[in-house]
Amino acid sequence: MRDTVGNGILMPGSQTGFLNGDGKGMAVYHSSRHDYYSLEVDDLINDIKREFYGGNISKDDARRSVKKLQMKLKQKIWSGDVPQTCCKRIW
């Protein structure tokens, strides 16, 4: 599900685009790798996987948990509450 359309978010792909307002108010921009952010996301997904494979939640519950996480992370990206460099690139 990581690289699906439903998980995507349109954001500036460069500092120039970010400074020109291409993000329409977004607090960060995307440029190449974002290892620290990806590690945070992986940890959160792994928590859901452990719950599912441990028999604590159903398949439908796991799907709902992933969808809620996607929405929460999109909000965090918009607000800039994600690892970032000093120039606002998502890190």
Side-chain angles (χ1 to χ4, degrees):
M1 287 190 70
R2 177 180 296 214
D3 294 325
T4 63
V5 172
N7 191 39
I9 185 169
L10 184 60
M11 60 191 307
S14 68
Q15 186 176 25
T16 301
F18 174 74
L19 295 172
N20 287 338
D22 293 349
K24 304 198 184 329
M26 185 172 286
V28 292
Y29 69 95
H30 180 280
S31 180
S32 189
R33 297 172 57 164
H34 39 70
D35 295 336
Y36 294 107
Y37 174 76
S38 294
L39 286 172
E40 284 186 10
V41 173
D42 287 344
D43 286 345
L44 295 167
I45 293 292
N46 285 333
D47 289 344
I48 296 169
K49 284 181 180 179
R50 275 191 289 280
E51 289 291 309
F52 173 70
Y53 289 117
N56 299 316
I57 60 174
S58 69
K59 187 176 184 178
D60 288 339
D61 289 336
R63 279 194 186 122
R64 279 189 287 273
S65 293
V66 169
K67 187 64 179 168
K68 285 180 185 179
L69 178 61
Q70 288 173 326
M71 292 185 314
K72 178 183 173 183
L73 292 172
K74 284 180 182 184
Q75 290 172 344
K76 289 180 77 156
I77 289 171
W78 268 99
S79 69
D81 187 20
V82 292
Q84 57 185 277
T85 64
C86 61
C87 61
K88 303 292 184 184
R89 180 174 64 86
I90 193 168
W91 183 248

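Heavy atoms from other residues, nucleotides or ligands lying under 6.0 Å from CH2 of Trp78 number more than 12.
Partner Ile45 forms a side-chain contact (heavy atoms from CB on, under 4.5 Å) with one of Asp42, Asp43, Val41 and no other, that one being Val41.
Note that the OG1 atom of Thr16 and the OH atom of Tyr29 stand 8.5 Å from one another [nearest 0.5 Å]. From Lys76, atom NZ reaches atom CG of Leu69 across 9.5 Å, with rounding to the nearest 0.5 Å. Rounded to the nearest 0.5 Å, atoms OH (Tyr37) and NE2 (His30) are 10.0 Å apart. Atom-to-atom distance recorded for Leu44:CG and Lys72:NZ is 6.5 Å, nearest 0.5 angstrom. Atoms CZ and NZ, on Phe52 and Lys59 in that order, are 7.0 Å from each other to the nearest 0.5 Å.
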Item to check | Audit row: Asp61, Ser58, side-chain hydrogen bond (donor to acceptor under 3.5 Å, both in side chains) steps and yes/no | outcome: CA-CA 5 Å; Asp61 289 336; Ser58 69; 3.2 Å; yes
Item to check | Worked verdict on Arg89 versus Val28 for side chain to side chain contact (heavy atoms under 4.5 Å, CB included) | outcome: CA-CA 6 Å; Arg89 180 174 64 86; Val28 292; over 6 Å; no
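Looking only at side-chain heavy atoms (C-beta outward), Leu73 and Val82 stay at 4.5 Å or farther from each other. A heavy-atom distance below 4.5 Å is not found between the side chains of His34 and Pro83.
Contact detail for Ala27 and Lys88: the closest heavy-atom pair is O-CD, 3.7 Å. When all heavy atoms of Pro12 and Gly17 are compared, the pair lying nearest together is CB-C, 4.0 Å.
Ile90 and Met71 are assigned to two separate hydrophobic clusters, defined by single-linkage of ILVMFWY side chains at heavy-atom distances under 4.5 Å. Met26 and Trp91 are assigned to two separate hydrophobic clusters, defined by single-linkage of ILVMFWY side chains at heavy-atom distances under 4.5 Å.
When atom types are taken as modelled, the side chain of Glu40 and the backbone of Tyr36 share no donor-acceptor pair closer than 3.5 angstrom. Under a 3.5 Å cut-off, the side chain of Asp22 and the backbone N or O of Phe18 do not form any donor-acceptor pair.
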